[in-house]
Amino acid sequence: MNIFVIIFLCLIVVSMVIIIFTLYSIAKRQDERQDYIKSKAMTYTFSVVIGFLVIEIILDIYRSITGQAINLGMSPYIFLFTICIVYLVSLLFFSRKYA
């Protein structure tokens, strides 16, 4: 088996573990302080997602005006993985700040 295939499969497994851990951390019930930390992390992640989508819309409008017809859109898997990374980093940051 090619080494690149093995590396790719390892990256897929790691990203799936991160996504599952993110969903678990969102669903887990905790005390009021942890709920506050979780809500701060969710708010920051939501603002990053909105900013990312606004930038993507602006780039799509620019591509359509300039005549660059090739627009493949966003990959939902990469978008979900990026959101999970932003959420986990902000959760770690707010946990250290408010804990």
Side-chain angles (χ1 to χ4, degrees):
M1 193 180 277
N2 194 353
I3 188 72
F4 295 113
V5 173
I6 294 172
I7 292 172
F8 177 73
L9 290 176
C10 288
L11 288 175
I12 294 292
V13 168
V14 167
S15 65
M16 291 302 294
V17 167
I18 289 173
I19 291 169
I20 290 170
F21 179 73
T22 302
L23 293 174
Y24 171 75
S25 71
I26 290 173
K28 187 170 56 169
R29 294 296 304 164
Q30 297 169 343
D31 61 345
E32 292 173 0
R33 182 178 48 92
Q34 289 293 329
D35 285 339
Y36 177 72
I37 292 170
K38 195 168 32 173
S39 70
K40 293 285 275 186
M42 287 180 193
T43 303
Y44 179 75
T45 304
F46 181 71
S47 63
V48 168
V49 167
I50 295 300
F52 182 73
L53 291 175
V54 167
I55 290 171
E56 193 68 30
I57 289 170
I58 291 170
L59 288 175
D60 284 345
I61 292 170
Y62 174 75
R63 286 184 196 124
S64 66
I65 290 173
T66 60
Q68 298 174 355
I70 299 174
N71 185 10
L72 301 176
M74 294 186 304
S75 169
Y77 184 74
I78 294 174
F79 186 64
L80 179 62
F81 181 69
T82 306
I83 291 170
C84 288
I85 293 295
V86 169
Y87 173 73
L88 289 177
V89 168
S90 63
L91 185 65
L92 179 67
F93 173 75
F94 288 118
S95 293
R96 290 184 185 262
K97 183 176 180 180
Y98 294 112

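Sequence positions, counted from 1, serve as the residue numbers for this chain.
Val86 and Leu53 are assigned to two separate hydrophobic clusters, defined by single-linkage of ILVMFWY side chains at heavy-atom distances under 4.5 Å. No continuous path of ILVMFWY side-chain contacts below 4.5 Å connects Ile78 to Phe8, so the two sit in separate hydrophobic clusters. Clustering ILVMFWY residues whenever any of their side-chain heavy atoms sit less than 4.5 angstrom apart, transitively, puts Tyr87 in the very cluster that holds Val48. The same ILVMFWY cluster, assembled from side-chain heavy atoms under 4.5 Å apart, contains both Met16 and Leu80. Linking ILVMFWY residues whenever their side-chain heavy atoms come closer than 4.5 Å, directly or via other members, places Leu88 and Phe94 in the same cluster.
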Determine whether Ile37 and Lys40 satisfy the following criterion, side chain to side chain contact (heavy atoms under 4.5 Å, CB included), listing intermediate values before the conclusion.
CA-CA 5 Å; Ile37 292 170; Lys40 293 285 275 186; 5.8 Å; no

Let me see the working for Leu9 and Val13 under side chain to side chain contact (heavy atoms under 4.5 Å, CB included), right down to the final yes or no.
CA-CA 6 Å; Leu9 290 176; Val13 168; 5.6 Å; no

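Rounded to the nearest 0.5 angstrom, Ile85 CD1 and Ile19 CD1 are separated by 8.5 Å. We find the CG-CD1 distance between Leu23 and Ile20 to be 7.5 Å, quoted to the nearest 0.5 Å. Between the CG atom in Leu11 and the CD1 atom in Ile6 there is a gap of 12.0 Å [rounded to 0.5 Å].
Contact between Ser90 and Tyr44 at its shortest, heavy atoms only, is CB-CD2, 3.6 Å. Among all heavy-atom pairs drawn from Ser39 and Thr43, the shortest one is O-OG1, 2.8 Å. Taking all atoms of both residues into account, the shortest heavy-atom contact from Ile18 to Phe81 is CD1-CE1, 3.9 Å. Across all non-hydrogen atoms, the minimal contact from Ser25 to Leu91 is OG-CD2, 4.3 Å.
Take Tyr36 and apply the ring-ring contact (aromatic ring centres under 6.0 Å, His included) test, not counting sequence neighbours, and it matches Tyr98. Listed by chain and number, the residues in a ring-ring contact (aromatic ring centres under 6.0 Å, His included) with Phe93 amount to none (sequence neighbours excluded). Remark: Ser15 pairs with Tyr77 by the side-chain hydrogen bond (donor to acceptor under 3.5 Å, both in side chains) rule, at least two apart or across chains. Phe52 is linked by a ring-ring contact (aromatic ring centres under 6.0 Å, His included) to Phe79, counting only residues two or more places apart in sequence or in another chain.
For the pair Lys38/Met42, a side-chain contact is recorded, criterion being any heavy-atom separation below 4.5 Å from C-beta on.
Applying the side-chain hydrogen bond (donor to acceptor under 3.5 Å, both in side chains) rule to pairs touching residues 3-12 yields nothing, sequence neighbours excluded.
Summarising the hydrophobic clusters (Ile, Leu, Val, Met, Phe, Trp, Tyr; side-chain heavy atoms under 4.5 Å, direct or chained), the residues clustered with Ile57 are Ile61, Ile65.
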